[in-house]
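These numbers come from a predicted model, not from an experiment. Just so it is clear, the values below take in all heavy atoms, side chains as well, and ignore hydrogens, waters and symmetry mates. In the text below, chain A, chain B and the rest are named by the order of the sequence lines, each starting its count at 1.
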Amino acid sequence: NQSTTSETSKNGDGKKLVIGATMLSMQNEFIVNVHDEMAKKAEADGIDLITVDAERSALKQVEQVESFIAQHVDAIIMNPCEVEASSPAVAKALAAKIPIINVNSETSTKPSAFVGSDDVESARIAMKFIAEKLGGKGTIVMMHGYMGQAAQIKREQGAREILKQYPNIKLIAHQTAEWDRAKAMSLMENWIQSYGSQINAVFAQNDEMGLGAAKALADAGLKDKVVVVSIDAIPDALQAVQKGTLDATVFQNAQQQGSKAIETAEKIIKGQPYEKETLIPFQLVTKANLSQFMK
Amino acid sequence: MNSNSDYILQVSGLTKTFSGVKALDQVQLAVRKGEVHALMGENGAGKSTLMKILIGLLPADSGEIIFEGAELTAAHVRDVMKKGISMIHQEMLVVPELTVAQNIFLGRETKGKLFSWLDDRTLTKQAAMLLREMDIQIDPSIKMKYLSVAQMQMVEIAKAISNNAKVIIMDEPTSALSEKEVATLFRLIKDLTSKGVAIIYISHKMEEITALADTITVLRDGKYIGTRPASELDMDTLITMMVGRKIESLFPESTTQRGNEILSVKQLTRHGQFTNINFAVHEGEVLGIGGLMGAGRTEVARTIFGLDQPDSGQMYIRGEQADIRSPQDAIRRGIGYVSEDRKGFGFIPRLSVRENITLASLPAHAKGGLVRAASESAVANRMMADLRIKAASPEQFVTFLSGGNQQKVVIGKVLLSSPSIIILDEPTRGIDIGAKAEIYKLIHQLKEAGKAVILISSELPELLGLSDRIVVMAKGKQTAELSAQEASQEVVMHYAMQV
Amino acid sequence: MENNLNSYFDKDSGSYKLLVRLQEVRKYGLLIAFVAVCLALSLTTPRFLTIQNLMIIVTQVSINALLAFGVTFVIITGGIDLSIGSMVAVTGVVAATFAHPDEYPVIVPVAVGLLAGLLFGAFNGFVVTRSKVPPFIVTLGTMTIGRGLALILSKGRPVSNLSDSFNFIGGGKILGIPTLIITLIVTFIACTVVLRKTVLGRYMYAVGGNEQAARASGIELSTVKMIVYTLCGGLAALAGILLTSRITTGQPNAGAGFELDAIAAAIIGGTSTSGGTGTMTGTLLGALLIGVISNGLDLLNVTSYYQQVVMGIIIIGAVVLDSVNQIKN
Amino acid sequence: MENNLNSYFDKDSGSYKLLVRLQEVRKYGLLIAFVAVCLALSLTTPRFLTIQNLMIIVTQVSINALLAFGVTFVIITGGIDLSIGSMVAVTGVVAATFAHPDEYPVIVPVAVGLLAGLLFGAFNGFVVTRSKVPPFIVTLGTMTIGRGLALILSKGRPVSNLSDSFNFIGGGKILGIPTLIITLIVTFIACTVVLRKTVLGRYMYAVGGNEQAARASGIELSTVKMIVYTLCGGLAALAGILLTSRITTGQPNAGAGFELDAIAAAIIGGTSTSGGTGTMTGTLLGALLIGVISNGLDLLNVTSYYQQVVMGIIIIGAVVLDSVNQIKN
Ligand SMILES: Nc1ncnc2c1ncn2[C@@H]1O[C@H](COP(=O)(O)OP(=O)(O)OP(=O)(O)O)[C@@H](O)[C@H]1O
Ligand SMILES: Nc1ncnc2c1ncn2[C@@H]1O[C@H](COP(=O)(O)OP(=O)(O)OP(=O)(O)O)[C@@H](O)[C@H]1O
Ligand SMILES: [Mg+2]
Ligand SMILES: [Mg+2]
């Protein structure tokens, strides 16, 4: 079969390993970071990394994996768009006997290996921080990502899990701002009109929206009274935490996810023992521990 | 009047209002089997509106239509056509991307059932037969957009006739035709009437009315004026009925001497359209260009005006060689062009009369790019008055004007760009007798004012009546240059048919 | 004169042949562009011209092509449909809801999905013909409505766990040929026949080419438009069902942005947004061109940011090449 | 005859007044729809009709309105510009790159951003006028190209850490009025003047209304089109700079989908996609309508899925109401 012949050929004449990677969206800063780490690691190990952008479309992702299979790459790294919808890609790769590694998030069909973290957990961490900060009592609003996308669903799930434990925290409004800073700003402005000083905290499902909400609150002179927490720990968000405009963000380790993904792929190709599941924990970032995350 | 059974079609009390303006006011019409019933009236009298209501394209506000003894009011076009009325529309209603055959049978392919199979081969064959019967030489399998205006018009005629209608409405069917096709059409009409088909014929050409009409109904400003047997009407009475006043002689006598040569073309050639065209025009002169359809006259005019580029040959303006690459060049050098296709090249439908009239001379009414509204309005109003443009206001969209008034707007626009050479391509196409006289007078005034006029016309009386010299073209070649004395209908036709 | 006209009639005359050829050249222009791109790719990457890769391209193109066929009908009549992407989502979610294993036979989700698409399309047609609202706004509105509906119906979550027989529809192979390719070919033929061989197709051209002329010929404009939007909805539903089956999930946010790709395919293929012209062959070629470029850029491992730049340039370039070949008016 | 004509000219006559009123009614139709929506909102939520909230709405609308003004120019000439969203991103990223604190005076990022937009727009105009490629395809191509460029220039990451003076441009207030609102008003007036009072504006209508007739009137089609696309680029740049300043970051994926909103505003405002008609007032009203609905739905805390459905229905509804008021044909 194809993958083994290519393996022998490369082992024989030292031909470079080829890994195909399909990323959720190369317009998302965190994903770009993961990818850059992958590229760095691949370069260091002398691997050819072919990257394609699924532009958040599971269909496109499935097609891209098909294309990788047709090209007989040695391994596939997939940053899935969807839990279910990206699953056929995994099945297809496995059927073609090409190892496939999921990075960052999961699919329902089990891949050869998984490197990443569980999005539900990130939201739990963020919401728990809010709950504690409010002393288990208050009113909050939540900003969703693009509705129906895996990250949105999971982050909503995590947040609601925690909210159940705090019956005195009331979610008075939740709405999508489509991961977008400008849209989040407008949404927050409208909420301020509606609820004014009623709002005690904002949970935004990503930093972009968190930053937009923080800006709107600051413009309205309410920032001191409202807790804003979001997820991803992009550089802007870290800056904002330092300035105090953002109360906390949740750090996801792009560096580890990226390099571990390549590492695992290499191990599988070379037939070495490997971790079936590498879970990289989230970390809450506040002013207190900020220094260890600032580059 | 006579008993109902004599009439195949009876209209009474028809009223139609467009955005507050009454286009038809209690109009009546009664058409007998086998007659040619001419409908006369000035531009905007409401003739087309009446016909569109008859055929079911427009709803009437009130009134009654009886066809073959049965009510037809508010019927759908398709039903009206099935019942046996068809119409040749004033504005050419063709689908350019479909072939001639497909246009002819549009709406009637295999009885028009949406999900039935098309048999284009049969359609094309039938169309070929039809066209041959009618003595129209057009390839039915060619796309409509490749035809000249005249050919399209002939296809429209074929389409209307092929419906086996009992009443055929012809709204200015000859406006794009030259003598030869007109003769064909007349023969067809004679055929049809002899079989009992009634024709409602609308035209602004008096000769045609004289030659064809059995009965004449006149409308004026949307009101019914009267119906008379053609034999009882003399021209003057008819014109008075239509216009409400008398018209002096159509072609004014000229006393001007021609001046210096302004424009000359030498060996002008555009491959596939015309070859080696040579002529000159002088100040105070009207140069007529005659020929049959497809002779290439429009193409020569377009080339002089810079809309097309010549392949070889030169143009000289006041003795200097002129390289005209665009209409801007032409306008700058004092050339004005009134196209034969006023809808296509003439006016902007959704701009007002004022905005259309000043379009080619707008910079003259602007300062630093800003339009000076007062100055613009003043010239527009003056031109509207000069040309007697009939519009509800200078702010009315040109698309809502009648054909004749649209044409006047286009002429007004060209005149305002103050040209010294004016090319008029079929300037009186579709224009009523009153307006025609005004345009003739205008041509005369231009000539008296020392302008050079190039007049392209398929109406021989007009060409002969106005031109000082006539160039005749046939199949893209210049076949004659005649002085006013030499020229007569026969002579011009002789050269126009020459190979 | 007689000779002149007869020579136009003479089918063997040079000018007649030239004219006919010029009418056909539009297609060739695009074909040349397409062949040129394929050739360039074959030369630069050996992986391009393999049966397997070509099959992948056609499979990948098929969903966009189905949508493009539908929107070609609409554009030919002078309309536009921006809601096709949302229809993909709605119909996909609806079909998926009925496609869980051991609930209904596989015909049920397919039928219900198609019905949903036809109804959605008919609604578009209804609003377009009954109101004087431009189709652009109507379908922009229903695009938003449809997206909302898909989210409501699915409660914002992907609908998964679909039966194997349903997943076969868009993901299986028959005699080694992916079902998507088979569906594409069948639909292409059907659409071509409708457009070229039926009275309905003729009326589409007539309505788009000159609405007034069509009306004056007794063609019921609103009927033709209703059918066309409904047809477009049906094709979008087909695409939605196939997509859902292919990714084994009904996704409420599937199909976002598909409308632009589909419209692009149609227009690249020579359909004019002003109506009255267009062919299914052109649209198919347009969709294939987009697919080939996107596949080729992936094969050449062009970085995704530069891919977008190159894609844009090639699309413009292909149509430039096409229109250079075209006769002026 | 004479009398008759004079009565037509009589500006005090009933029919003249009626005619003018009927030509104006289009605007009123939309205005009625707009007022109706506002009224409904004022009744259902007391927070709607407060100065502060109205100010917020106008602020939120301003970026879309600027884009819509630009695209109105283009649509009036019979064109379309799909690349405006991408231009927002490109110009925003470019401006942000020069807007870090203590590097250049604030005029530099603004000037460079505007220049980038003008160049981008001019490129659109150049390709549209030089090739026979339909504007839809050209700007679809440059939309993709622009998005790629923005990503390349920013390396896919937001460009942040901008100077306070730059952040003031779109985020500050002058005498209590947000700079965005001021810019909106000034731009609106400027665009209205260009369209209604200048030779250029007249030529835009002429080119869009009947290209051939405009050409035969001595209007240089390509010049008018070049200017129009360049203008649209300039306005997109303005929007991009303001957006970047408002969110204090240059985002490579900013402005995605903005083109649809802007075109929607223009068309809701009565601009016809077939060219030759449209006003800036209409476009502004269209943008405001969209903004008010979106604000109102947030205030009423309508669930996001239903928001989309309601938004779609209201947009169609408003334009239906508008066209019911319109004169037929
Ligand atoms: N759709 C319309 N909207 C508004 N006014 C219209 C419309 N159609 C026609 N009119 C007006 O109705 C009147 C009658 O027009 P109609 O076209 O019937 O005249 P006509 O007698 O056919 O003139 P012509 O000889 O120039 O063709 C004119 O004043 C015209 O401006
Ligand atoms: N069926 C046809 N197919 C292709 N070209 C044609 C056809 N008929 C005419 N032409 C071309 O079009 C030109 C004729 O155009 P047109 O009829 O406008 O000429 P014209 O002399 O201005 O006639 P008119 O009296 O109608 O103004 C001819 O030069 C001929 O080459
Ligand atoms: Mg008429
Ligand atoms: Mg001519």
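At most 12 non-hydrogen atoms from other residues, nucleotides or ligands lie less than 6.0 angstrom from CG of C:D164. Atom CD of C:E103 has more than 12 heavy atoms from other residues, nucleotides or ligands within 6.0 Å. Shown here is C:I51, whose CD1 atom has no more than 12 heavy atoms of other residues, nucleotides or ligands within 6.0 Å. Counting heavy-atom neighbours within 6.0 Å of C:F188 CZ, excluding the residue itself, gives a total above 12. More than 12 heavy atoms of other residues, nucleotides or ligands lie within 6.0 Å of CZ in C:F168, so this atom counts as buried by the packing criterion.
The closest side-chain heavy-atom distance from C:P158 to A:I153 is below 4.5 Å. When side chains are defined from C-beta on, C:T303 does not count as touching A:T51, because their heavy atoms never get closer than 4.5 Å.
When each of C:T45, C:L299, C:N301 is tested with A:Q71 by the rule side chain to side chain contact (heavy atoms under 4.5 Å, CB included), just one qualifies, namely C:L299. Checked against A:E82 for a side chain to side chain contact (heavy atoms under 4.5 Å, CB included), the options C:T249, C:N253, C:I247 give a single hit: C:N253.
In this structure, chain A has heavy atoms under 4.5 Å from both the backbone and the side chain of C:Q60. C:R246 touches chain A through backbone and side chain together, each having a heavy atom under 4.5 Å away. At a 4.5 Å heavy-atom cutoff, C:F48 makes no contact with chain A through either its backbone or its side chain. In this structure, the portion of A:V32 lying under 4.5 Å from any heavy atom of chain C is its side chain and not its backbone. Contacts of C:N295 with chain A are made by side-chain atoms alone, with heavy-atom separations under 4.5 Å and no backbone atom involved. Neither the backbone nor the side chain of C:L297 comes within less than 4.5 Å of any heavy atom of chain A.
Looking only at heavy-atom pairs under 4.5 Å with chain C, the residue among A:R56, A:Q152, A:Q149 that has the most is A:Q149.
Separation of atoms OG (C:S294) and CD (A:E63) is listed at 8.0 Å; rounding is to 0.5 Å. Atom CD of A:E55 and atom OG of C:S304 lie 7.5 Å apart (nearest 0.5 Å). In this structure, C:Q52 CD and A:I69 CD1 are separated by 8.5 Å, a value rounded to the nearest 0.5 Å. Atom CD of A:E66 is separated from atom CE of C:M55 by 11.0 Å, given to the nearest 0.5 angstrom.
Minimum interatomic distance between A:A58 and C:Q251 (heavy atoms only, all atoms of both residues): CB-OE1, 3.9 Å. Of all non-hydrogen atoms in C:N53 and A:S67, the two that sit nearest each other are OD1-OG, 4.4 Å.
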